[in-house]
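Contents: one structure, followed by commentary.
Lettering follows sequence order; numbering is per chain, from 1.
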Amino acid sequence: MTSLPDAPSSSPSSSVPIILDGWEGDRGDRGPGGGAGAGRGDRPGPDERLFAGLNPQQREAAEYRGPALLIVAGAGSGKTSVLTRRIAGLIESREAWPSQILAITFTNKAANEMRERVEALLGGRAQGMWISTFHSSCVRILRREAETIGKTASFTIYDSGDTRALLKRIIKELDADTLGFTVAGTANRISKLKNELTDLETHARNANLSDPNEVMFLEIFRQYTRALRRANAFDFDDLIAETVYLFRAFPKVAALYQRRFRHILVDEYQDTNHAQYALIRELTMPIAPAIADELEAQGQHVERMRDAVGAIPGASLTVVGDSDQSIYAFRGADIRNIVEFERDFPGAKVVLLEQNYRSTQNILSAANAVIANNFDRKDKRLWTAVGDGDKIVGYTGYSGHDEAQFVADEIEKLHAAGMDYKDIAVFYRTNAQTRALEEIFIRSALPYKVMGGTKFYERAEIKDAMAYLISVANPDDILALRRILNTPKRGIGPATETQLASYAEDNGISFRDAMRDAGSLGLGPKVTGAILQLSNLLDEAAAKIDPANPAGVSSVPDVLTFLLDGSGLLEVLRNSRDPQDEARAENVDELVAVTREFVRNNPDGTLVDFLTEVSLVAAADEIDDSSGAVSLMTLHTAKGLEYDAVFLTGVEEDLLPHRMSANEPGGPAEERRLFYVGITRAKKRLFLSLAMTRAQFGETAVAMPSRYLQEIPADLIDWRQSPGAANGRGGTQSRALNARRPGLGAGDSGRWNDSFRAGGFSKPERPKAEWPNRVTGQVRDNSDLELVPGDRIRHTDFGEGRVTAVTGEGAKRVAHVQFETVGAKKLLIKIAPIDKL
DNA sequence: CCCACCAACTTTTTT
DNA sequence: AGTTGGTGGG
């Protein structure tokens, strides 16, 4: 830890930097150099301290100066080190002020990490630097410039759930479902259009109006757009697209940012979509002499930046990416952005980083072999100097639960051998796969944390509480108002809601004003009173955060508590007899704690800042490195992370590659990249597992080994139980890797089967009859079971064993048991299927 | 307007 | 399997 007397080291680097700051730290043209055009000559000599430890390619990437630089960074090649040193070098050498740097990362977590590392390199001098995600950066710009495009700075950000809710209303109102419109499909289509920067009018012009389907879609799109505008809201895709439109429509506004950001760095460039690409293009555009004149007339310091003809040259652009890790095509990511970078930015310098500092050679060889099957790629081979390491371990379970048990057992072995839980991760393709894993992990008393999935902020009770806050911050947000109108129940049903809406429509007032005027609607006294009470509550809360309030502005937790008390939301949950409501009340309490934490990290943070932060949290942001738990996540969430040991589960056909990807062009290749990303997260140990049968929709379906398994040289995998060996249950299907599968000729597949058999596998350790799907459906409560070391017990799956120790308290009491047949296990006493003998 | 019961659908990945 | 949405009686 560096400690400088002048550095406010208490800076909340762990929180997302979203405060609407001024242009502090920006010293305009008195700044060092002009950015891109600055020559090397007037720069102090290279700082050996900064670049120590970099290999020649890394160093070149960190030190190169020019208008455009593409760093092709293979997995684990130290690109974050390069980026942070590049930024630190620019500042250290006084080529740029911190405020002239814009660094875009994929997640907030990556942004925070980068900020911390830059600060560590510079001893804290990173104030004014923008290091954030595309979405966070755009929100900052849009809030600043909201009035220019007819919004207010307190606009709401609609997440995909909000978008779906809104579309559902519209589709229902238009009876569009009879034409085959689904919420998901429509949302997807609109999202695609926005990512392609096709706005409503453009799309309407090109639409085929003789197709009733097209006409209906246009109508939905139109109503959706209008609803967003009226609600003073943007959806996720708008954040990027609207910023681009803003820059294109208002060159003077664009010039402010073009002038400010002289060095733009973009991480994970292979996953940018067209809108993000366009945004980068706008930001790196030179400023025309006439606009520069205007900036100067406004008192902006620009004269030292201008070139011979009076223009301000475009910012310098650095992008980092690896087309082999492009896994977001489904979201509009366009691999061409990185493949055609040299064409888009003529004169661009390209640096390749191929040395891997993360994984063992065995892991890298497997990764290289897999990705080599994607044909239209630049060949690139990762290598490492650390040696072969352990073999990859493979396992084929009889069921998803058996597979999960294998994972749990191996994790315990690793832990016993000294590996921290937090250095272990379990990956899967779909969130649904967490169920079996969680059931087994809970039973095994294995500490774990699920990243993403059903997120905290997606829970109904949290969305309810948030809707109260949103209604206060943005009274135009009808979606939020509708949500809280009858939550908790206060007798305001759909009929009343419709009356309020049409009253607002008829009188040309907002829904919120209609609520204030509920007395003139001629509703029953009880309903009228309920509406007015809610309306007053919101008004009082709004007064509490009004900057003009002489009593001062209340903090976010105070406003939230006020709303929770006034609405009775929390009280209703507490008094409910539904046992799940207890947990919901705890979640709401947790939200209050979150707001407290927010205020601690952002003393000047406003309610809008808080809402922004919440809207933009990603699955990967939740990862807390200090927690001593195993991390469970999807392969997508895993991107950019690394772990000592990685378990890649469900390596089966229809799961990886996923069934849904089969029809999509480039689907199988993208799924292969996903597999590649998963493999390359592992530093020391890699485990690949699959199951013979997998439960889905309550039915148990037969699963086949993934085609990608064949692509790994057989001698790299040590199969504890190979797909070829673990057949027999039911006997109708061959488990072997050459089992009939579309798209694979029978000719070459026997070889694979043989190699798996030759690869050696031990006999199944346990009698299979004990296994199939016995885990679910057993509700037990052993809270009263008293166990002491020495007791003998019987477990429904593991047989008999002796208790060696008991740890933990209350509901979390854990028995350490030495079983006769399966060895040592840890069991959560409360729910383990055990009996004392 | 509220609640209880039954039918249908879910699961691809996410800022 | 579990949740969500629709329907019908109170």
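- In this entry the distance linking CD of A:E438 with C1' of C:dA1 reads 15 Å, nearest Å.
- Distance A:E699 CD to B:dT11 P: 17 Å, rounded to the nearest Å.
- Proximity of A:T496 to the phosphate of B:dC1: a side-chain N or O atom is located under 4.0 Å from OP1 or OP2.
- As a whole-Å value, the separation of A:R331 CZ from B:dT15 C1' is 5 Å.
- Here the nucleotide nearest the side chain of A:S160, chosen from B:dT15, B:dT14, C:dA1, is B:dT15.
- Regarding contacts with the backbone of B:dT14, a side-chain N or O of A:N431 is found under 4.0 angstrom from either OP1 or OP2.
- Phosphate contact (OP1/OP2 of C:dT4, side-chain N/O of A:K168, threshold under 4.0 Å): absent.
- Between the side chain of A:K192 and the backbone N or O of A:G332, no donor-acceptor pair lies under 3.5 Å.
- A straight line from CG of A:D237 to P of B:dT15 spans 13 Å, rounded to a whole angstrom.
- A:F134 comes within 4.0 angstrom of no nucleic acid atom, judged by non-hydrogen atoms across all strands.
- For A:H135 and B:dT15, a side-chain-to-base donor-acceptor distance below 3.5 Å is present, hydrogens and geometry of angles not being considered.
- For A:Y676 and A:R672, the side-chain atoms include no donor-acceptor pair closer than 3.5 Å.
- Within the 3.5 Å criterion, the main-chain N or O of A:N232 finds a donor-acceptor partner in the side chain of A:N474.
- For the pair A:M633 CE and B:dT15 P, the interatomic distance rounds to 13 Å; values are reported in whole Å.
- Of the side-chain N and O atoms in A:T634, one or more sit less than 4.0 angstrom from OP1 or OP2 of B:dT14.
- Using cut-offs of 30° and 60° on the angle between ring planes, the pair A:F330 and A:H636 is perpendicular.
- Mapping A:T133 and A:R490 onto DNA chain B by nearest heavy atom places A:R490 at the nucleotide closer to the 5' end.
- Judged purely by distance below 3.5 Å, without hydrogens or angles, the side chains of A:N373 and A:Y708 never pair a donor atom with an acceptor atom.
- The aromatic ring of A:F106 does not sit over the base of B:dT15; the criterion of centres under 5.5 Å apart with planes under 30° is not met.
- As a whole-Å value, the separation of A:E652 CD from B:dT12 C1' is 15 Å.
- When the P atom of B:dC2 is taken as reference, atom NZ of A:K489 falls 6 Å away, rounded to whole Å.
- You'll find that the side chain of A:P494 is closest to B:dC1, out of B:dT11, B:dC1, B:dT14.
- Close to B:dT14, at under 4.0 Å from its OP1 or OP2, lies a side-chain N or O of A:T637.
- Comparing A:Q696 and A:G493 by the nucleotide of DNA chain B whose heavy atom lies nearest to each, the residue mapping closer to the 5' end is A:G493.
- At B:dC2, one or more side-chain N or O atoms of A:N486 fall inside 4.0 Å of OP1 or OP2 (strictly under the cut-off).
- If you check the side chains of A:D477 and A:T156, you find a donor sitting under 3.5 Å from an acceptor.
- Counting to the nearest Å, the P atom of B:dT15 and the CG atom of A:D271 are 12 Å from each other.
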